[in-house]
Protein chains: 2
Amino acid sequence: MADDSLRLDEFLCFAIHSTAHAINRATKPMLDQMGLTYPQYLVMVVLWGKDDQTVGGIGEKLFLESSTLTPLLKRLEAAGYVQRSRDPSDERQVRVRLTDKGRELHCRAGCIPDWFREAFDGDMDEARELKSRIVQLRERVLRHPE
Amino acid sequence: MADDSLRLDEFLCFAIHSTAHAINRATKPMLDQMGLTYPQYLVMVVLWGKDDQTVGGIGEKLFLESSTLTPLLKRLEAAGYVQRSRDPSDERQVRVRLTDKGRELHCRAGCIPDWFREAFDGDMDEARELKSRIVQLRERVLRHPE
DNA sequence: CTGCACTGAATCGCACGCGACATAATGGTC
DNA sequence: GACCATTATGTCGCGTGCGATTCAGTGCAG
């Protein structure tokens, strides 16, 4: 009984973990060609959606801390995809902007969703359904601390 | 159109990533009390299910490489939860065994599934359903390289 | 029995990811 | 104007996670 429930719970947790890693590994060759890691890709997606955001704003969307984002953004800047600068009106904030090179990457990023659609055999309804269930779980977990 | 599909795909991928991290963060306080990280907990679960396994065997179940497991297992050994030793019949393999302290931890680990059931409001059918869909996705991703 | 391909672990370098802490700027309050 | 809590970012240490490589042991071919 205690054994049974232990198994069930961790299998869902573990299923999520291992699937996240599987996606990470599977997309790596494509992202390598763009010179991005998966977390860097996510940051670029956020910026493609809306340019000129603060570190905190990006972190809020991606559930990441500044301690994670700062080094990551420095690598994106070193790669020439973004440009970081202090907001003159509030020197505490750092605004992150896409460079031309970063914007150009947007077009080349289409292969990721293409790949994903293939892996899903085009069943986008299933994908949407699954996404909403997972997001629901995430919200429950976030709301249920300790 | 391309924009739309870009958004959908990464939202499922991202939903999985962020949920995995959320679970990680939420279970941390409980795991801290046991002196385990989440990946270490997963290794213990594997060993609680079947003691005396090789590094490769554990890695196969958890989709992890030896480069990840070796340091992790050394930390578990340093913590006194497992014991590692070369298999005398095949000196290439390292067998990992639970110590008494490691077995004892099994009883204390019940709080993790308890917490999870709470977070899920006891709807274990939903959990099972979701798990099977995610595992299906994982298998598709693993089978669909490039 | 001597190579030689193969296998299983371990090592190395790099990139997350976070908690704890440090730092700097802001916006009050007195 | 000086103090002080708050906010935004950055730094540090530790633990994953992986690809590339190394190394020791195995086992097969000749």
Using residues 131-139 of chain A as the side-chain source, report each donor-acceptor pair under 3.5 Å to any protein atom, sequence neighbours left out, with the distance given to one decimal.
from: A:Ser132; atom 1: OG; to: A:Glu129; atom 2: O; distance (Å): 3.3
from: A:Arg133; atom 1: NE; to: A:Glu129; atom 2: OE2; distance (Å): 2.7
from: A:Arg133; atom 1: NH1; to: B:Glu126; atom 2: OE1; distance (Å): 3.0
from: A:Arg133; atom 1: NH2; to: A:Glu129; atom 2: OE2; distance (Å): 2.8
from: A:Arg138; atom 1: NH1; to: B:Ser18; atom 2: OG; distance (Å): 2.7

ask   = Which of residues 87-94 of chain B have a heavy atom under 4.0 Å from DNA chain C?
value =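 Of all residues in residues 87-94 of chain B, the ones placing a heavy atom under 4.0 Å from DNA chain C are B:Arg92, B:Gln93, B:Val94.
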
(Q) Short of 4.0 Å, heavy atom to strand atom, which residues of residues 68-83 of chain A count as contacting DNA chain C? (A)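 Within this stretch, A:Thr68, A:Leu72, A:Arg75 sit under 4.0 Å of the strand.
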
Check whether any side-chain heavy atom of [X] lies under 4.5 Å from a side-chain heavy atom of [Y], and answer yes or no.
X        : Y        : value
A:Ile112 : A:Met34  : yes
A:Phe63  : B:His21  : no
B:Asp51  : B:Arg103 : yes
B:Trp115 : A:Val141 : yes
A:Met44  : A:Leu76  : yes
B:Leu36  : B:Tyr81  : yes

In whole angstroms, how far is the [atom2] atom of [N] from the [atom1] atom of [X]?
X       : N      : atom1 : atom2 : value
A:His17 : C:dG17 : NE2   : P     : 12 Å
A:Glu60 : C:dG17 : CD    : C1'   : 18 Å
A:Glu65 : C:dA20 : CD    : P     : 11 Å
A:Arg25 : C:dC16 : CZ    : P     : 17 Å
B:Leu64 : C:dG8  : CG    : P     : 17 Å

What are the two closest heavy atoms between [X] and [Y], and how far apart are they?
X       : Y        : result
B:Gln53 : B:Lys61  : OE1-NZ, 2.9 Å
A:Leu64 : A:Thr68  : CD2-CG2, 4.3 Å
A:Cys13 : B:Phe116 : SG-CE1, 3.5 Å

Using only side-chain N and O atoms of B:Ser67, determine if any of them is under 4.0 Å from OP1 or OP2 of C:dC12.
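Looking at the OP1 and OP2 atoms of C:dC12, neither is under 4.0 Å from any side-chain N or O of B:Ser67.
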
- Task: Determine the contact category for B:Ser66: base if any of its heavy atoms lies under 4.0 Å from a base atom, sugar-phosphate if only primed atoms, P, OP1 or OP2 are that close, otherwise nothing.
- Result: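 Base contact.
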
Please work out if A:Arg95 contacts a base, only the sugar-phosphate, or nothing of the nucleic acid, heavy-atom cut-off 4.0 Å.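 Counting heavy atoms under 4.0 Å across all strands, no contact is made by A:Arg95.
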
**Report entry** chain A contact limits on DNA chain D, taken 5' to 3' with a cut-off of 4.0 angstrom to heavy atoms
**Finding:**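 Result: D:dT7 to D:dG19.
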
- prompt: If each of B:Lys28 and B:Thr54 is mapped to the nucleotide of DNA chain C with the nearest heavy atom, which maps nearer the 5' terminus, i.e. the 5' end?
  reply: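 Between the two, 5'-proximity favours B:Thr54.
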
* Quick one: salt bridge (charged side-chain N to carboxylate O under 4.0 Å, His left out) pairs with a partner in residues 25-43 of chain B, sequence neighbours left out? ->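 For residues 25-43 of chain B: B:Lys28-B:Asp32.
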
Should A:Thr37 and A:Leu31 be marked as a side-chain contact (heavy atoms from CB on, under 4.5 Å) after you check the CA-CA gap, both sets of side-chain angles, and the distance that decides it?
CA-CA 6 Å; A:Thr37 64; A:Leu31 291 169; over 6 Å; no

- [ ] Please round to 10 degrees the angle between the axis of the first five pairs and the axis of the last five pairs in the helix from C:dC1-D:dG30 to C:dC30-D:dG1.
- [x]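 Between the first-five-pair axis and the last-five-pair axis there is 10°.
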
_From CA spacing to verdict: side-chain contact (heavy atoms from CB on, under 4.5 Å), A:Thr54, A:Asp87_ = CA-CA 9 Å; A:Thr54 65; A:Asp87 186 333; 5.8 Å; no

### Within 6.0 angstrom of A:Glu91 CD, more than 12 heavy atoms from elsewhere
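It does: A:Glu91 CD has more than 12 such atoms within range.
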
